[in-house]
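Taking it in order: structure first as structure tokens, then the write-up.
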Amino acid sequence: MRYSTTFIPTLKEVPSEAQIPSHQLMIRAGMARSLASGVYSFLPLGYAVVKKVMQILREEMDAIGGQEFHLPALNPIEIWEQTGRVAEMDDVLFHIKNREGLVLAPTHEEIIAYHARQHIKSYKDLPQIWYQIQTKFRNEPRPRSGVLRGRQFVMKDSYTLDATPEGLDAGYEKHRLAYERIFTRCGLNFFSVGASSGAMGGSGSQEFMVESDHGEDTCALAEDNSYAANIEVATSWTPPIERVPGDDAIEKFATPAAKTINDLIEKHGIPEERCAKSVVYIAGGEPLLILMCGNDELNEEKLARALDTTQFRPAEENELLANTGAHGGSIGPIGLKNPKMRVIADLRLKGVNGLVSGANEDGQHYRNIDLERDATIESWHDLRVVREGERVGGPDGPRLRVVRAIEIGHIFKLGTKYSKALNAVFLDENGREHPIIMGSYGIGVERIVACFIEQNHDELGIRWNAALTPYDVQIVGMNTKKSETVRAACEELEAELQAAGLKVLYDDRPASPGVKFKDADLLGFPVQLVVGDKNLDNGQVEVKSRKTGERELTARENALEAVRKLLAAS
RNA sequence: CGGGGUGUAGCGUAGUCCGGUUAGCGCGCCUGCUUUGGGAGCAGGAAGCCGCAGGUUCGAAUCCUGCCACCCCGACCA
């Protein structure tokens, strides 16, 4: 391909709307343009990369027995109503306005279950692995970071249909391994974490993550990589809190200026682990007191699992006062104004005495609290958010790092939520009817592209690897306007490299060398082949690795070999 | 949805507080000449409903009202 005939609109300056490197570079390198908030047009160069990712996805999905579908984005709303997801997804689901009864599909569990119901009748029809690479629509409240969170995006989604839980486990494992191969082939530095299934439902799930300050998720990683989990489910080892000797009765004392745990520590000399922090929520319409140790932060995802509902929220100031008798800062488990108030506590506090907590009277706290003796704790749960530096497994375990991350893939053991709702059933060997057991697996295609750029760029531009690069090599012709020698050599090399199966972009523009070099570095194909009169006089051309920045002269007849070598090393 | 910010030529921006030339600059674009190993030089040129609508005023990019769009933080996120 000749550069002079392509549409690769590069930009020298950073567009003001782009804040993160991948977004800036996708715009600057002429890969994509924004059309509306969260909606991007992919230009030829960007789409070439997307197609390479899709090819890898297809190869690996086919390799585990996946069968490719192409399901519609326009869906009848009835099907979505049957699974309850019209209400569940609420505003995220796009509704068609001028044709009643249609929505834009944000994912395809429903449609898969619908077709399974039509034709999967027997255990003999199972298992199945169905997948597609297709555009999804989600009315995200806040699109951000370029293509990382869009309202329209391409997803590889696949679904396993099984007769038994063991079958689901096998299909899930196949996907887990396929995903590792996919991300490895793409050249991503990634890790996988145990995750919360969230509103998708189901029993098990894992996320594939790329560490990035621009990620929307937070993960806890052991320093030796022996443990990795989404912060929503992450646990850590904390030193046990010893019981203090004696059996002193609780005692009220004045704490006029203590509003926070830090106030108790600093103004009253109480050790952090002897403070029981009270957090009040309204769960299912009823007030709930949650006790946390010291400054531990309540993890709402863990709370949701403990309560088996997401229907809760922090109490407001007037609700605090009405139920406890005090304002925030003086609340505790003893002497609550509302005697029916439920109290749960974090596991760290189990069996601990000598605690200080609010007396439900402004400016007053109790000391010498023994939760087992003095309070009624309905249940104990792990409810805390783990912190950077805590250990995993025990006092000698590896320390945790807490990092931001971008989710590039997610695998779920769905179970029968959708098959039950849509009556997708099969008959077993004994003629008995069962709902099909489903798994659901997703990869964000544009996110792979953006994450790759996040991990592979420098101040000059992108640094593609051989797997994802839109072109293998860029021929940079020096003074192609005047020098017929250079032009002829470039054209010969272009033909030679193309004949060898390489994808070549020949920069034949009559521009100055600086412009061509800068564009070549910005586009970032793995190899640059620089052709100029000076070196041609010696029968030589220059090859440059975008990855290392190293250049070397090579005999013109060895150019193909030199390019291949650098490409392989990219 | 809450908070913050920004809308001026394809891109980046000055001017806006304090109303008053023909709305300025850099990049890019077009023409010509020169130049060609790291974003060249000279000369000439095209391109702006100053986000939209209304209002105030002799006069509005600038002041007022409403709306829209985009970005950031938060909420949300299969």
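All chains are named by letter (A, B, ...) in the order of the sequence lines, taking the proteins before the strands, and each is independently numbered beginning at 1. All of these numbers come straight from a predicted model, not from anything done at the bench.
Across B:rU36 and B:rG44, the matching P atoms stand 24 Å from one another, rounded to whole Å. As rounded to the nearest Å, B:rG10 and B:rC30 have P atoms that lie 15 Å from one another. The gap from the P atom of B:rU13 to that of B:rC76 amounts to 33 Å, rounded to the nearest Å. B:rA60 and B:rG20 are spaced 10 Å apart, taking the C1' atom of each and rounding to whole Å. Across B:rA9 and B:rA46, the matching C1' atoms stand 11 Å from one another, rounded to whole Å. Between B:rU16 and B:rU6, the two C1' atoms lie 13 Å apart (nearest whole Å). To the nearest whole angstrom, the two P atoms, one in B:rU62 and one in B:rC49, are 15 Å apart. Distance noted for atom C1' between B:rG12 and B:rC29: 15 Å (whole Å).
Side chain A:Arg28 to base B:rG10: no donor-acceptor pair is found below 3.5 Å. One can find a donor-acceptor pair under 3.5 Å joining the base of B:rG38 and the side-chain atoms of A:Asp521. In the interface, the side chain of A:Glu13 is not paired with the base of B:rG28 through any donor and acceptor atom under 3.5 Å apart. You won't find any donor-acceptor pair under 3.5 Å spanning the side chain of A:Arg144 and the base of B:rC71, going by distance alone.
When rounded to the nearest whole Å, the span between CG of A:Asp519 and P of B:rU36 equals 21 Å. Put simply, CE on A:Met478 is 6 Å from C1' on B:rG37, counting in whole angstrom units. Put simply, CD1 on A:Ile27 is 17 Å from C1' on B:rG28, counting in whole angstrom units. One can place CD of A:Glu232 at 10 Å from P of B:rC76, the figure rounded to the nearest angstrom. Nucleotide B:rG37 holds its P atom 11 Å from the CG atom of A:Asn535, rounded to whole Å. Look at CD on A:Glu542: it is 11 Å from C1' on B:rG38, rounded to the nearest Å. One interatomic measurement links the two molecules: CZ of A:Arg151 to C1' of B:rA69, which rounds to 12 Å at whole-angstrom precision. With rounding to whole Å, A:Met26 atom CE is found 18 Å from B:rC11 atom P.
Using a 4.0 Å heavy-atom cutoff across all strands shown, A:Pro15 reaches sugar-phosphate atoms only and no base atom. Using a 4.0 Å heavy-atom distance criterion, A:Phe153 is classed as a base contact. Among the heavy atoms of the strands lying under 4.0 Å from A:Lys481 is at least one base atom, whether or not backbone atoms are also near. Contact annotation for A:Thr83: no contact, since no heavy-atom pair falls under 4.0 Å across all strands. Residue A:Val530 is in base contact, counting any heavy-atom pair closer than 4.0 Å across all strands shown. If you check every strand for non-hydrogen atoms under 4.0 Å, A:Asp91 touches nothing. The residue A:Ala511 sits close to a base: some heavy atom pair falls under 4.0 Å. When heavy atoms are screened at a 4.0 angstrom cut-off, A:Ser16 is found touching the sugar-phosphate backbone but no base atom.
Shown here, B:rC42 forms a base pair with B:rG32; the pair counts as Watson-Crick or G-U wobble because both key distances fall under 3.5 Å. The base-pairing partner of B:rA9, taking Watson-Crick or G-U wobble contacts with both distances under 3.5 Å, does not exist among the strands shown. With a cut-off of 3.5 Å on both Watson-Crick or G-U wobble distances, the partner of B:rG2 is given as B:rC73. Across all strands shown, B:rA60 forms no Watson-Crick or G-U wobble pair with both distances under 3.5 Å. Pairing of B:rG37, defined by two Watson-Crick or G-U wobble distances under 3.5 Å, is not identified with any nucleotide.
Taking side-chain N and O atoms only, A:Lys12 has no distance below 4.0 Å to OP1 or OP2 of B:rC11. Close to B:rU36, at under 4.0 Å from its OP1 or OP2, lies no side-chain N or O of A:Ser512. Residue A:Ser37 places at least one side-chain N or O under 4.0 Å from the OP1 or OP2 atom of B:rC71. For B:rC73, one of the phosphate oxygens OP1 or OP2 lies less than 4.0 angstrom from a side-chain nitrogen or oxygen of A:Arg142.
Side-chain proximity of A:Pro141 to B:rG39, B:rA75, B:rC70: nearest is B:rA75. Of the listed nucleotides (B:rG37, B:rG38, B:rU35), B:rU35 has the atom at the smallest distance from the side chain of A:Lys482.
The residue among A:Lys534 and A:Gly38 whose nearest nucleotide of RNA chain B is located toward the 5' end is A:Lys534. Along RNA chain B, the nucleotide closest to A:Arg551 and the one closest to A:Gln19 are compared, and the more 5′ of them pairs with A:Arg551.
Residues A:Glu60 and A:Ala178 share a closest heavy-atom pair of O-CB, 4.3 Å.
A salt bridge is absent between A:Lys544 and A:Glu550; no separation between the charged side-chain nitrogens and carboxylate oxygens falls under 4.0 Å. Salt bridge status for A:Asp508 with A:Arg487: absent, with no side-chain N to carboxylate O gap under 4.0 Å. In this structure, A:Glu180 pairs ionically with A:Arg176, as a charged nitrogen and a carboxylate oxygen lie closer than 4.0 Å. In this structure, A:Glu109 does not pair ionically with A:Lys417, as no charged nitrogen and carboxylate oxygen lie closer than 4.0 Å.
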Checking salt bridge (Lys or Arg N to Asp or Glu O under 4.0 Å) for the pair A:Arg546/A:Asp458: CA distance, chi angles, key distance, verdict?
CA-CA 10 Å; A:Arg546 180 63 181 91; A:Asp458 58 21; 2.7 Å; yes
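Side-chain contact check for A:Asn75 and A:Trp80: at least one donor-acceptor pair (N or O, by modelled atom type) lies under 3.5 Å.
Evaluation of the side chain to side chain contact (heavy atoms under 4.5 Å, CB included) rule for A:Val445 yields A:Val50, A:Val53, A:Met54, A:Leu57, A:Ile133, A:Val154 as partners, not counting sequence neighbours.
Between A:Tyr418 and A:His108, the gap from one ring centroid to the other reaches at least 6.0 Å.
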